[in-house]
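One structure is given below, encoded as structure tokens.
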Protein chains: 2
Amino acid sequence: MTPPSSRPTMRDVAERARVSPKTVSNVLTGTAQVREPTRLRVEQAMRELDFVPNLSARGLRNGRSGVIGLAQPDLRAAFSASMTHAVVEAAHARGLVVQVEETAAEPARERDLVTRARTHLIDGMILNPVRLQDSVVEHLDHLPPIVLIGEVEQHRTDRVFINSRSAARDAVRHLLARGARRIVALGGAEHGAGLDKATQGQRLRGYLAGLAEAELPASPELQVEVPEWTIAGGAAGMREILERGAEFDAVLAFTDSIALGAMHELRSWGARLPEDVLVCGFDDVEHARFAGTPLTTIAFDHQAYANAALDLLTSRMRDRGLPPRAQEIPYELLARTSTQGPPAGFSGKNSPI
Amino acid sequence: MTPPSSRPTMRDVAERARVSPKTVSNVLTGTAQVREPTRLRVEQAMRELDFVPNLSARGLRNGRSGVIGLAQPDLRAAFSASMTHAVVEAAHARGLVVQVEETAAEPARERDLVTRARTHLIDGMILNPVRLQDSVVEHLDHLPPIVLIGEVEQHRTDRVFINSRSAARDAVRHLLARGARRIVALGGAEHGAGLDKATQGQRLRGYLAGLAEAELPASPELQVEVPEWTIAGGAAGMREILERGAEFDAVLAFTDSIALGAMHELRSWGARLPEDVLVCGFDDVEHARFAGTPLTTIAFDHQAYANAALDLLTSRMRDRGLPPRAQEIPYELLARTSTQGPPAGFSGKNSPI
DNA sequence: CTGAAAGCGCTTACAG
DNA sequence: CTGAAAGCGCTTACAG
């Protein structure tokens, strides 16, 4: 094992520049003014020695590491990838680096993360929760600053969100306006844990509200939960609806990845898109626009979302006593080919595979 | 600012358990045997105080942080997302956490990362290089252990790779066997920097080799570089070929994301897939299988790839004196709908948009 | 199996 | 504007 001391330290720099370590520190952090010639001497010594400050030592001393955590359920999902990109960019702009965590692989992972977060050298955390918002809140006093992303129903943590309920209702209105009457909810169901889960619950509520205001019935047959919000998960959910033999003419998928899986499954059962079935997604990830049938979706500015999360997080890192804040990011429905109606309708009974 | 001392320390635990700090350390690290009753007393004290070790202090003391870096060009790309997932899982299994970096956003980012890597508290780094393999090699002595992923042409660094050259040649053979004769290379070109860049160069060489062994000419008109290996980048590259008025009957895209963009662009120019044009990608990301026209691609085990990278990295973290090692991961060509030939052929002249 | 001392490399008061 | 001292919270020799 290479000994830790193989790297030059501030002390080495100080000796070479003939100043005290404190002056080197001043040059590095800009805490105090340093006279030009002294500063140049110190900088040259740093260059000559190829000095790099030891962040463990700095972290130990001032209690901050410059690292934030970003925890998401499944890093493979397109929305996660887009959010990781946006958070890394936003963090970089603020002099922070990002440690990523994945919570959905094992049930215990999200709880572990929250209870053991402090062990991970992080100054703060952005968490896209699947299950555990309550237990986050319980542990809040023992945790580093946390910003939740998504529609978590509590008011003790900072959070960034889009109004998923209203967005889902808008999506239903759009599908109805394009001639749909029997809309599948792909991602949540009233029975099951549907309404209990943060983002999923809000989208389901919006779906139900959209049907209600059009005085259309909500049919359990047209609702299905999707455990993994991936393309494969969406395909599996769609298959379940099709195997039920349900009749429908539109699908509201709770993410774009789910929508892509649904479109694939529908095509393989012989459905024409959008002639038979309209499809709407959520998130506007890159492949929504480039899908075989370009996907209508709820779009919002992912970078603005990440910037808001980092603003909340860094302000709380400066002052943990701030009241909890919630910031809403605007969305818009982007109509693409996948909802060019009116749809003829489809059913798994039409064409067993 | 919350003072660093707000958390209980090993000293607090030691006092409560009536032992020395050293014993607490022994319980924590398992360095030395601790008698059962003592250990239980210490563990109870840790629980009562909600003690979590300070990793900055541990890192300062033993020179390791337990964090590895993962640097990729563009975190939004589907392959990056898949690799991030796989590396996080592999790291987790080894008790490590992952800090992510993005290098393509600004030209200086990759160099910065390499020259300043040590500042980032990381014990090692997995780097998917775009430009800078040479300068990585130059700096190697001053860097933490590095594993390169991708087809970098040098032999001083540990690396994991698939044989992209042979894979690209296999893809060309496959396209030719399915009836193609004029194959677009979407991602690299002989003129331009085509052959100089690691992965891109290997795939281009394989493409040229495949044509040569069939005694078919390589036409510069059918080659184009794609600066961003994303869906949008693929669409832009395909558009350039189409606007040249080139005639072709197949596309070898250098990643699946590029392929998806190409398929979208082809469709919007009126091409039928695969009736007019065959398309083959690279990487087998999830959306390749679920594309409107399921995509033939070069598939390999992403998790095995990540595991290999971590094995190389952790072994080098233990012993920096090891000779450089290269590990090849096997691939296979997965034939899907997008290469069901024979293709009729297409040209941008057919249908100006 | 357990303890007392020293030190990893920084930065923060405290002096000048 | 610069310096000498102390200490952040651990772990590593060194004793017993």
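Residue numbers start from 1 in every chain, and the chains themselves are labelled A, B, ... in the order their sequence lines are given, proteins ahead of strands.
Pairing of D:dC1, defined by two Watson-Crick or G-U wobble distances under 3.5 Å, is identified with C:dG16.
By the 6.0 Å contact criterion, CZ on A:R11 is open, its count of non-hydrogen atoms from other residues, nucleotides or ligands being 12 or less. Other residues, nucleotides and ligands contribute at most 12 non-hydrogen atoms within 6.0 Å of the CZ atom of B:R18.
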Run the side-chain hydrogen bond (donor to acceptor under 3.5 Å, both in side chains) check on B:S56 and A:R58 step by step: do they pass? CA-CA 8 Å; B:S56 285; A:R58 183 179 287 175; over 6 Å; no
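Taking atom CZ on B:R58 and atom C1' on D:dC8, their separation rounds to 16 Å, with Å as the unit. As a whole-Å value, the separation of B:R18 CZ from C:dA4 P is 14 Å. Taking atom CZ of B:R64 as the reference point, atom P of D:dG9 lies 21 Å away to the nearest angstrom. One interatomic measurement links the two molecules: CZ of A:R11 to C1' of C:dC10, which rounds to 13 Å at whole-angstrom precision. Distance CG (A:N54) to C1' (C:dC8): 8 Å, rounded to an integer number of Å. Per the geometry, CG belonging to A:N62 stands 21 Å off P belonging to D:dA6, to the nearest Å. The CZ-P distance, from A:R41 to D:dC1, rounds to 15 Å in whole Å. The interatomic distance linking A:R61 (CZ) with C:dT11 (P) rounds to 9 Å, in whole Å.
Here C:dT2 is the nucleotide among C:dT2, C:dT11, D:dA4 with the atom lying nearest to any side-chain atom of B:V34. In the set D:dT11, D:dA13, C:dA13, the nucleotide with an atom closest to the side chain of B:K22 is D:dA13. Minimum atom distance to the side chain of B:F51 is reached by D:dC10, of the listed C:dC10, D:dT2, D:dC10. Comparing D:dT2, C:dC10, C:dC8 by their nearest atom to the side chain of B:L60 picks out C:dC8. Comparing D:dC10, C:dC10, D:dT11 by their closest approach to the side chain of B:T29 singles out D:dT11.
Distances shown here put a side-chain N or O of B:S20 below 4.0 Å from the OP1 or OP2 atom of C:dG3. Considering only side-chain N and O atoms, A:T23 lies under 4.0 angstrom from the phosphate OP1 or OP2 of D:dG3. Between A:S25 and the phosphate of C:dT11, there is a side-chain N or O to OP1/OP2 separation shorter than 4.0 Å. In this structure, B:T38 reaches the C:dT2 phosphate: one of its side-chain N or O atoms is under 4.0 Å from OP1 or OP2. Between A:R35 and D:dT2, a side-chain N or O to OP1/OP2 separation shorter than 4.0 Å is present.
Between B:T199 and B:G150, the shortest heavy-atom distance links the atoms OG1-CA, 3.9 Å.
In this structure, a donor-acceptor pair under 3.5 Å is absent between the side chains of B:T84 and A:R76.
Nearest-nucleotide assignment on DNA chain C puts the 5′-proximal partner with B:R39, out of B:R39 and B:A57.
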